[in-house]
Amino acid sequence: DLKLVENTEFKIRFNSNWDYSFGGEMSTVEFGGGNMKFTKADGTYKMIFNVGTSDFNINALDLNMPAYITMPGDYSGHNWKIDNDFRLYLKDENQGIYKGTVTMYGATYGFKFGKVAEWIGMSGSVESGFVLAGGDNGMVVDGTYSWEVNLSTNTAVATPVTKVGMIGGFNNWGGDVEMTFDPETLTYKGELTLEVGQEWKFRFNGGWDFDYGLNDEGILVNAGGNIKATEAGTFEVVLDMAHGSYATYTMTKK
(Lines give C-alpha, C1' and ligand atoms only; values in the text may rest on other atoms or scores of the structure.)
Protein backbone atom coordinates (compact mmCIF):
# COMPACT_ATOMS: atom_id res chain seq x y z
CA ASP A 1 0.00 0.00 0.00
CA LEU A 2 1.35 3.42 -0.96
CA LYS A 3 0.48 7.02 -0.27
CA LEU A 4 0.70 8.68 -3.67
CA VAL A 5 0.48 12.24 -4.92
CA GLU A 6 -0.82 13.17 -8.37
CA ASN A 7 1.93 13.27 -11.03
CA THR A 8 4.35 11.24 -8.87
CA GLU A 9 6.75 9.17 -11.01
CA PHE A 10 7.75 5.61 -10.12
CA LYS A 11 8.99 2.26 -11.45
CA ILE A 12 8.86 -1.42 -10.53
CA ARG A 13 12.04 -3.41 -9.95
CA PHE A 14 12.99 -6.81 -8.55
CA ASN A 15 15.65 -7.76 -5.96
CA SER A 16 16.51 -4.05 -5.60
CA ASN A 17 18.23 -4.33 -8.99
CA TRP A 18 17.73 -1.86 -11.85
CA ASP A 19 18.69 -4.58 -14.34
CA TYR A 20 15.22 -6.05 -13.72
CA SER A 21 12.85 -3.10 -13.81
CA PHE A 22 9.58 -2.23 -15.52
CA GLY A 23 8.21 1.14 -16.56
CA GLY A 24 6.48 3.04 -19.35
CA GLU A 25 2.73 3.64 -19.26
CA MET A 26 0.61 2.18 -16.45
CA SER A 27 -1.66 0.63 -19.06
CA THR A 28 1.25 -0.99 -20.94
CA VAL A 29 4.21 -1.72 -18.67
CA GLU A 30 7.44 -2.62 -20.46
CA PHE A 31 10.66 -4.26 -19.32
CA GLY A 32 13.26 -1.52 -18.98
CA GLY A 33 10.72 1.24 -19.71
CA GLY A 34 10.93 4.80 -18.40
CA ASN A 35 9.28 6.23 -15.32
CA MET A 36 5.53 5.76 -14.96
CA LYS A 37 3.41 8.76 -13.97
CA PHE A 38 0.62 8.44 -11.40
CA THR A 39 -2.28 10.58 -12.63
CA LYS A 40 -5.02 9.85 -10.08
CA ALA A 41 -5.92 12.07 -7.12
CA ASP A 42 -3.77 12.12 -3.97
CA GLY A 43 -4.50 9.20 -1.64
CA THR A 44 -3.54 5.77 -0.38
CA TYR A 45 -3.60 3.09 -3.06
CA LYS A 46 -2.91 -0.61 -3.46
CA MET A 47 -0.69 -1.12 -6.51
CA ILE A 48 -1.61 -4.24 -8.50
CA PHE A 49 0.84 -5.39 -11.20
CA ASN A 50 -1.22 -7.46 -13.64
CA VAL A 51 0.95 -10.00 -15.45
CA GLY A 52 -2.02 -12.02 -16.68
CA THR A 53 -2.38 -10.11 -19.94
CA SER A 54 -0.21 -9.96 -23.04
CA ASP A 55 0.49 -6.31 -22.24
CA PHE A 56 1.48 -5.97 -18.60
CA ASN A 57 -0.40 -3.24 -16.75
CA ILE A 58 -0.49 -1.77 -13.29
CA ASN A 59 -3.64 -0.65 -11.53
CA ALA A 60 -3.89 1.68 -8.56
CA LEU A 61 -6.77 0.61 -6.33
CA ASP A 62 -8.08 3.31 -4.00
CA LEU A 63 -8.21 1.74 -0.53
CA ASN A 64 -11.01 4.06 0.53
CA MET A 65 -13.66 2.35 -1.58
CA PRO A 66 -17.14 3.84 -1.24
CA ALA A 67 -20.01 1.56 -0.25
CA TYR A 68 -21.44 1.87 -3.75
CA ILE A 69 -20.89 3.40 -7.16
CA THR A 70 -23.71 4.82 -9.26
CA MET A 71 -24.88 4.40 -12.86
CA PRO A 72 -25.93 7.92 -13.94
CA GLY A 73 -27.64 8.03 -17.33
CA ASP A 74 -30.94 8.54 -19.12
CA TYR A 75 -32.21 4.92 -19.10
CA SER A 76 -35.54 4.01 -17.46
CA GLY A 77 -36.34 7.66 -16.73
CA HIS A 78 -33.10 8.45 -14.91
CA ASN A 79 -31.59 11.91 -15.25
CA TRP A 80 -27.79 11.77 -14.94
CA LYS A 81 -27.61 12.22 -11.14
CA ILE A 82 -24.12 11.07 -10.19
CA ASP A 83 -24.83 11.26 -6.46
CA ASN A 84 -28.10 9.32 -6.25
CA ASP A 85 -28.64 7.37 -9.47
CA PHE A 86 -28.95 3.57 -9.46
CA ARG A 87 -26.35 1.99 -7.18
CA LEU A 88 -24.03 -0.99 -7.55
CA TYR A 89 -22.89 -2.02 -4.07
CA LEU A 90 -19.39 -3.04 -3.05
CA LYS A 91 -18.92 -6.81 -3.13
CA ASP A 92 -15.15 -7.20 -2.66
CA GLU A 93 -13.26 -4.30 -1.10
CA ASN A 94 -9.88 -5.95 -1.69
CA GLN A 95 -10.37 -5.81 -5.45
CA GLY A 96 -12.87 -2.98 -5.81
CA ILE A 97 -15.64 -5.17 -7.25
CA TYR A 98 -19.20 -3.81 -7.38
CA LYS A 99 -22.26 -5.87 -8.35
CA GLY A 100 -25.95 -5.34 -8.96
CA THR A 101 -28.81 -5.95 -11.37
CA VAL A 102 -30.65 -3.10 -13.12
CA THR A 103 -33.42 -2.76 -15.71
CA MET A 104 -32.31 -0.39 -18.49
CA TYR A 105 -34.86 0.77 -21.08
CA GLY A 106 -35.26 3.74 -23.38
CA ALA A 107 -31.77 5.23 -23.22
CA THR A 108 -30.90 7.90 -25.77
CA TYR A 109 -27.41 8.85 -24.59
CA GLY A 110 -26.60 5.87 -22.40
CA PHE A 111 -24.85 5.94 -19.03
CA LYS A 112 -21.57 6.24 -17.17
CA PHE A 113 -20.40 5.02 -13.79
CA GLY A 114 -19.97 7.43 -10.90
CA LYS A 115 -17.54 7.03 -7.99
CA VAL A 116 -18.40 9.79 -5.51
CA ALA A 117 -17.87 12.87 -7.74
CA GLU A 118 -15.76 11.07 -10.38
CA TRP A 119 -17.38 10.34 -13.73
CA ILE A 120 -16.12 7.08 -15.28
CA GLY A 121 -16.57 6.65 -19.03
CA MET A 122 -15.95 3.51 -21.02
CA SER A 123 -15.59 1.74 -24.33
CA GLY A 124 -16.86 -1.65 -25.42
CA SER A 125 -20.16 -3.50 -25.47
CA VAL A 126 -22.19 -6.14 -23.66
CA GLU A 127 -20.79 -8.77 -26.02
CA SER A 128 -17.11 -7.80 -25.65
CA GLY A 129 -17.14 -6.31 -22.14
CA PHE A 130 -16.39 -2.72 -21.19
CA VAL A 131 -13.06 -1.03 -20.52
CA LEU A 132 -13.34 1.87 -18.09
CA ALA A 133 -11.36 4.62 -19.73
CA GLY A 134 -12.04 7.88 -21.52
CA GLY A 135 -15.20 9.94 -21.47
CA ASP A 136 -17.55 7.93 -23.69
CA ASN A 137 -20.98 6.82 -22.53
CA GLY A 138 -21.86 3.15 -22.34
CA MET A 139 -24.79 1.88 -24.42
CA VAL A 140 -26.94 -1.23 -24.09
CA VAL A 141 -30.07 -2.41 -25.85
CA ASP A 142 -33.25 -2.45 -23.77
CA GLY A 143 -33.14 -5.16 -21.13
CA THR A 144 -32.21 -6.14 -17.59
CA TYR A 145 -28.51 -6.67 -16.86
CA SER A 146 -26.45 -8.03 -13.98
CA TRP A 147 -23.33 -5.88 -13.69
CA GLU A 148 -19.90 -6.64 -12.26
CA VAL A 149 -17.63 -3.59 -12.21
CA ASN A 150 -13.98 -4.17 -11.25
CA LEU A 151 -12.15 -0.96 -10.34
CA SER A 152 -8.82 -2.78 -9.92
CA THR A 153 -8.79 -3.90 -13.56
CA ASN A 154 -10.93 -1.01 -14.87
CA THR A 155 -13.36 -3.40 -16.53
CA ALA A 156 -17.09 -4.04 -16.42
CA VAL A 157 -19.15 -7.05 -17.52
CA ALA A 158 -22.91 -6.95 -18.16
CA THR A 159 -24.79 -10.26 -18.18
CA PRO A 160 -28.23 -10.12 -19.84
CA VAL A 161 -30.93 -11.39 -17.46
CA THR A 162 -33.31 -13.87 -19.07
CA LYS A 163 -34.95 -15.14 -15.88
CA VAL A 164 -35.93 -13.36 -12.65
CA GLY A 165 -37.06 -15.69 -9.90
CA MET A 166 -37.84 -16.09 -6.20
CA ILE A 167 -36.43 -18.97 -4.19
CA GLY A 168 -36.59 -19.89 -0.52
CA GLY A 169 -38.00 -21.96 2.29
CA PHE A 170 -41.42 -22.06 0.66
CA ASN A 171 -40.03 -24.65 -1.79
CA ASN A 172 -37.05 -25.89 0.26
CA TRP A 173 -34.73 -23.73 -1.88
CA GLY A 174 -35.39 -26.17 -4.69
CA GLY A 175 -35.93 -23.83 -7.64
CA ASP A 176 -37.25 -20.50 -8.84
CA VAL A 177 -40.77 -19.15 -8.90
CA GLU A 178 -40.35 -17.21 -12.12
CA MET A 179 -41.48 -13.58 -12.26
CA THR A 180 -43.11 -11.90 -15.28
CA PHE A 181 -41.84 -8.64 -16.76
CA ASP A 182 -44.31 -5.76 -17.11
CA PRO A 183 -43.11 -3.48 -19.96
CA GLU A 184 -45.47 -0.69 -18.89
CA THR A 185 -44.01 -0.29 -15.40
CA LEU A 186 -40.57 -1.88 -16.09
CA THR A 187 -41.11 -4.14 -13.07
CA TYR A 188 -41.22 -7.89 -12.44
CA LYS A 189 -44.25 -9.52 -10.81
CA GLY A 190 -44.81 -12.89 -9.19
CA GLU A 191 -46.81 -14.67 -6.49
CA LEU A 192 -45.61 -16.34 -3.27
CA THR A 193 -47.39 -18.30 -0.56
CA LEU A 194 -45.43 -17.95 2.68
CA GLU A 195 -45.52 -19.02 6.30
CA VAL A 196 -44.38 -16.73 9.11
CA GLY A 197 -40.60 -16.79 9.40
CA GLN A 198 -39.90 -18.38 6.03
CA GLU A 199 -36.84 -16.93 4.32
CA TRP A 200 -36.37 -16.26 0.63
CA LYS A 201 -34.47 -14.19 -1.96
CA PHE A 202 -34.58 -12.92 -5.52
CA ARG A 203 -32.07 -14.37 -7.96
CA PHE A 204 -31.26 -14.09 -11.65
CA ASN A 205 -30.77 -16.60 -14.47
CA GLY A 206 -31.38 -19.48 -12.06
CA GLY A 207 -28.00 -19.18 -10.32
CA TRP A 208 -26.23 -17.55 -7.39
CA ASP A 209 -23.73 -15.37 -9.24
CA PHE A 210 -26.26 -12.54 -8.92
CA ASP A 211 -29.09 -12.29 -6.43
CA TYR A 212 -30.84 -9.72 -4.27
CA GLY A 213 -31.25 -9.90 -0.49
CA LEU A 214 -31.31 -7.32 2.28
CA ASN A 215 -28.34 -5.50 3.83
CA ASP A 216 -28.26 -4.09 7.37
CA GLU A 217 -30.15 -1.00 6.18
CA GLY A 218 -32.95 -3.05 4.65
CA ILE A 219 -31.82 -2.29 1.07
CA LEU A 220 -31.73 -4.95 -1.63
CA VAL A 221 -28.11 -5.65 -2.56
CA ASN A 222 -26.30 -8.43 -4.35
CA ALA A 223 -25.57 -11.34 -1.96
CA GLY A 224 -27.57 -9.64 0.80
CA GLY A 225 -29.24 -11.52 3.63
CA ASN A 226 -32.41 -13.57 3.27
CA ILE A 227 -35.78 -11.81 3.30
CA LYS A 228 -37.97 -13.09 6.15
CA ALA A 229 -41.76 -13.34 6.00
CA THR A 230 -43.43 -11.46 8.87
CA GLU A 231 -46.92 -12.82 8.20
CA ALA A 232 -48.47 -15.81 6.49
CA GLY A 233 -50.46 -15.67 3.29
CA THR A 234 -50.33 -15.42 -0.47
CA PHE A 235 -48.69 -12.28 -1.79
CA GLU A 236 -48.21 -10.50 -5.09
CA VAL A 237 -44.55 -9.50 -5.17
CA VAL A 238 -43.36 -6.62 -7.38
CA LEU A 239 -39.62 -6.11 -7.95
CA ASP A 240 -38.49 -2.74 -9.33
CA MET A 241 -34.90 -2.56 -10.61
CA ALA A 242 -35.50 0.32 -13.01
CA HIS A 243 -36.30 3.37 -10.89
CA GLY A 244 -34.79 5.14 -7.93
CA SER A 245 -31.36 4.68 -6.38
CA TYR A 246 -31.59 0.95 -5.71
CA ALA A 247 -33.82 -2.06 -6.30
CA THR A 248 -37.05 -2.16 -4.27
CA TYR A 249 -39.88 -4.63 -3.80
CA THR A 250 -43.44 -4.59 -2.52
CA MET A 251 -45.66 -7.38 -1.20
CA THR A 252 -49.45 -7.15 -1.39
CA LYS A 253 -51.49 -9.76 0.42
CA LYS A 254 -54.18 -11.32 -1.73
Side-chain angles (χ1 to χ4, degrees), residues 1-72 82-83 87-100 110-139 145-159 207-210 221-223:
D1 300 348
L2 296 173
K3 289 185 177 180
L4 294 171
V5 177
E6 187 175 1
N7 294 324
T8 295
E9 294 187 355
F10 67 100
K11 295 186 74 172
I12 298 171
R13 66 175 185 172
F14 297 91
N15 296 330
S16 300
N17 189 333
W18 287 111
D19 290 336
Y20 301 97
S21 68
F22 291 82
E25 300 293 330
M26 289 181 64
S27 60
T28 310
V29 178
E30 300 175 337
F31 180 74
N35 293 346
M36 289 178 282
K37 181 175 287 189
F38 180 78
T39 58
K40 295 189 176 184
D42 299 1
T44 302
Y45 292 82
K46 177 184 290 185
M47 307 302 287
I48 302 171
F49 187 27
N50 186 356
V51 298
T53 61
S54 56
D55 294 321
F56 294 160
N57 64 79
I58 185 167
N59 295 298
L61 178 61
D62 187 347
L63 293 182
N64 298 312
M65 285 290 168
Y68 57 83
I69 60 175
T70 58
M71 296 182 67
I82 191 173
D83 56 341
R87 302 172 184 175
L88 303 180
Y89 280 84
L90 184 62
K91 172 63 177 174
D92 186 338
E93 63 182 6
N94 292 319
Q95 296 189 55
I97 294 176
Y98 292 80
K99 298 179 75 172
F111 68 98
K112 283 184 168 69
F113 295 111
K115 178 173 171 281
V116 189
E118 177 187 355
W119 291 86
I120 304 173
M122 68 201 78
S123 61
S125 65
V126 172
E127 293 75 19
S128 64
F130 295 88
V131 175
L132 307 184
D136 292 340
N137 297 342
M139 293 295 297
Y145 298 89
S146 291
W147 286 91
E148 179 173 318
V149 179
N150 188 324
L151 295 185
S152 69
T153 60
N154 291 320
T155 58
V157 176
T159 301
W208 290 109
D209 288 340
F210 292 93
V221 298
N222 185 79

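Index from 1, following the sequence.
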Would you compute the distance between atom [atom1] of [X] and atom [atom2] of [Y] and round it to the nearest 0.5 angstrom?
X      : Y      : atom1 : atom2 : answer
Asn222 : Trp208 : CG    : CH2   : 10.5 Å
Tyr20  : Trp18  : OH    : CH2   : 15.0 Å
Lys37  : Phe10  : NZ    : CZ    : 12.0 Å
Phe130 : Met139 : CZ    : CE    : 9.5 Å

TODO: May I ask you to decide if Asn17's main-chain N or O and Asn15's side chain share a donor-acceptor pair within less than 3.5 Å?
DONE: no
- [ ] Kindly say whether Gly33 contributes a backbone atom to a donor-acceptor pair with the side chain of Lys11 at under 3.5 angstrom?
- [x] yes
TODO: Please lay out, stage by stage, how Ile120 and Ile69 fare under the test side chain to side chain contact (heavy atoms under 4.5 Å, CB included).
DONE: CA-CA 10 Å; Ile120 304 173; Ile69 60 175; 5.8 Å; no
Task: Validation row: Asp209, Thr159 side chains within 4.5 angstrom (heavy atoms) - done: no
Task: Side chain to side chain, Tyr98 and Leu151, heavy atoms closer than 4.5 Å - done: yes
Least distance between heavy atoms, [X] atom then [Y] atom:
X      : Y      : answer
Val126 : Ala158 : CG1-O, 3.5 Å
Lys91  : Lys99  : CG-CD, 3.8 Å
Ala156 : Phe113 : CB-CE1, 4.0 Å
Gly138 : Met122 : CA-SD, 3.7 Å
Val149 : Leu88  : CG2-CD1, 3.7 Å

Open item on the list: Among Tyr68, Phe210, Trp147, exactly one meets ring pair (Phe, Tyr, Trp, His ring centres under 6.0 Å) together with Tyr89. Which residue is that?
Closed with: Tyr68
Task: Pair Asn137, Lys112: side-chain N/O donor-acceptor within cut-off below 3.5 Å - done: yes
TODO: Please identify each residue that fulfils side chain to side chain contact (heavy atoms under 4.5 Å, CB included) with Ile82, with sequence neighbours left out.
DONE: Thr70, Pro72, Trp119
